[in-house]
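Every heavy atom of this structure was used, including side-chain atoms; hydrogens, water molecules and symmetry mates were not.
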Amino acid sequence: MRFSRLAVFLCLGAVSPLGHALQYHGADISSLVNLEKSGIQYKDGGVTTKLETILANHGTNLARIRIWTSTNSADYSLTYGLALAKRAVAAGMTLLIDLHYSDTWADPGHQAIPAGWPTTLSGLNTQIFTYTENLVKSFAAQGTPIQFIEIGNEINDGMLWPVGQISVNGYSPLSQLLHSAASGVRAASSTTRTVIHLANGWDGAGVSSFYNQIFIAGELALADVDVMGFSFYPFYGTGATYSALQSSLQAMVTKYGKDVMVVETDWPEACSGVALSQPAIPASAAGQQQWVLGIRNVLSALSGGHGLGIAYWEPAWIGNAGLGSACADNLVVDSSGNTRASIAMFSADM
């Protein structure tokens with residue numbers, strides 16, 4: 001009976017809370033320093049305040065920061081990420097570090113090997129181990145230890161292409177590379193939790209297919225993975241419903257017993273001409289809160305308390321308000337940097 005009521009709730013897109021607040025209330029703030037350098041400031045209640053302070057004041061306790069292998073600070077270098085991590089930790093947040101293992105964006109359609117890295121599997125296994133170990137040690141050395149680390153970003157078709165590309169070379173090279181990355185984390189820290197991050201967490205068939213094949217004896221072990229992380233966006237396909245997400249994530253929890261996070265999500269404050277996956281929710285600041293609350297309810301209902309948290313992707317990226325979507329604005333601040341009512345999602349809804 002309880003499951004039946006949950007299924008009805010999810011299908012209708014209702015937003016009444018069914019579960020407890022999640023442990024981690026996250027925001028990806030990766031672009032913050034670059035934005036500040038361009039002159040952007042943020043205001044909460046009319047008072048100019050650092051973004052990380054605003055977010056922390058509204059309940060955010062997890063900062064997601066992407067790291068590229070580029071040495072250019074404008075391109076999310078390690079140096080850039082370390083400096084931003086200091087600010088996030090000083091504001092009271094823990095860290096979710098998102099390693100792209102690329103000099104530029106890595107996603108389901110792009111996973112380029114960094115310039116200067118090897119192009120053989122053996123060479124990449126050594127490189128990714130050493131790079132990851134040194135990076136984790138660098139964060140710890142400055143007093144900002146990493147709580148969670150994504151070993152790859154949206155790796156549905158693998159990473160470090162073409163060597164680790166599933167559609168080219170199958171699962172074995174990727175399985176080895178993920179083990180090498182996880183081993184690098186373990187060599188540097190006994191407390192940092194590894195995250196495998198896939199796009200389209202609602203796609204139960206795709207998620208199940210990936211995990212059914214990625215664990216290969218002598219290569220990647222179940223123990224190498226601590227958390228399953230997923231992206232969940234409403235504007236890239238109408239299949240991204242709460243009910244589909246719940247079915248997909250619960251299947252993974254049931255089979256593997258791992259904790260789960262939605263490490264990327266957005267909802268539009270303004271959007272026209274785009275079919276959203278939960279059409280009953282309006283494109284508005286209120287709708288942003290409703291969307292996140294619905295995700296919270298899905299994660300809260302997962303068996304064994306395995307739903308950990310949510311990270312809203314780049315909620316303050318002024319100048320890129322569409323955040324890669326065809327919607328006009330997915331931010332929780334307006335174009336002048338003033339917080340919208342949806343800033344409350346980080347406490348009330350998560």
Side-chain angles (χ1 to χ4, degrees), residues 2-3 6-7 9-11 18-20 22-24 26 62 64 96 98-99 107-108 147-159 166 170-171 174-175 177-179 181-182 185 192-217 219-234 236-237 239-265 277-278 291-292 294-311 313 350:
R2 181 182 178 191
F3 176 77
L6 175 61
F9 157 81
L10 294 167
C11 292
L18 288 182
H20 54 82
L22 302 175
Q23 184 176 357
Y24 294 101
L62 182 73
R64 184 174 186 254
L96 166 58
D98 173 25
L99 301 185
D107 55 46
Q147 178 72 15
F148 300 97
I149 188 164
E150 293 177 34
I151 48 176
N153 186 76
E154 295 187 328
I155 60 169
N156 300 58
D157 193 24
M159 61 186 181
I166 295 167
Y171 278 85
L174 177 63
S175 185
L177 290 167
L178 289 172
H179 173 72
V185 175
T192 300
R193 304 188 70 194
T194 59
V195 182
I196 287 185
H197 174 201
L198 300 182
N200 300 328
W202 56 271
D203 178 9
V207 169
S208 178
S209 177
F210 180 94
Y211 278 108
N212 283 343
Q213 298 176 81
I214 195 62
F215 296 114
I216 299 173
E219 296 179 0
L220 184 70
L222 186 61
D224 287 328
V225 182
D226 297 316
V227 179
M228 295 178 173
F230 299 96
S231 299
F232 182 60
Y233 289 111
Y236 297 133
T241 62
Y242 294 138
S243 57
L245 183 68
Q246 190 276 336
S247 177
S248 175
L249 300 189
Q250 183 58 59
M252 292 300 97
V253 168
T254 299
K255 184 167 185 177
Y256 299 106
K258 296 295 181 179
D259 290 336
V260 172
M261 298 180 74
V262 171
V263 296
E264 287 188 25
T265 192
S277 61
Q278 291 286 161
W291 170 253
V292 170
I295 299 171
R296 190 279 298 273
N297 290 336
V298 169
L299 292 174
S300 294
L302 294 176
S303 60
H306 283 294
L308 288 186
I310 303 168
W313 196 70
M350 289 189 193

In this structure, CD of E264 is separated from NE2 of H197 (nearest 0.5 Å) by 4.5 Å
Short question: side chain of Q250, backbone of Q246 - any donor-acceptor pair under 3.5 Å? no
I'd like to know if the side chain of N200 reaches the main chain of D203, judged simply by a donor and an acceptor atom lying under 3.5 Å from each other, with no hydrogens or angles considered. no
dist L299:CG -> L245:CG (nearest 0.5 Å) comes out at 6.5 Å
Test M159 against L178 for side chain to side chain contact (heavy atoms under 4.5 Å, CB included), laying out the working first. CA-CA 9 Å; M159 61 186 181; L178 289 172; 3.6 Å; yes
Would you indicate whether the side-chain heavy atoms of T241 and Q278 approach each other to under 4.5 Å? yes
Parallel, tilted or perpendicular, as decided by the 30° and 60° cut-offs, for the rings of Y171 and F210: perpendicular
When you measure from the side chain of N156 to the backbone of A199, do you find a donor-acceptor pair of N or O atoms at a distance under 3.5 Å? yes
Is Y24 reaching over with its side chain to a backbone N or O of M261, donor-acceptor style, under 3.5 angstrom? no
Could you check whether any side-chain N or O of K255 sits under 3.5 Å from a backbone N or O of N212, counting only pairs where one atom can act as donor and the other as acceptor? no
Who pairs with D107 by salt bridge (charged side-chain N to carboxylate O under 4.0 Å, His left out), at least two apart in sequence or on another chain? none
Determine whether the aromatic ring centres of residues F232 and W291 are separated by less than 6.0 angstrom. yes
Rounded to the nearest 0.5 Å, how far apart are CH2 of W202 and CG of L249? 12.5 Å
Report yes if some heavy atom in the side chain of V195 is under 4.5 Å from a heavy atom in the side chain of D226; otherwise report no. no
Got a donor-acceptor contact below 3.5 angstrom from the S175 side chain to the I214 backbone? yes
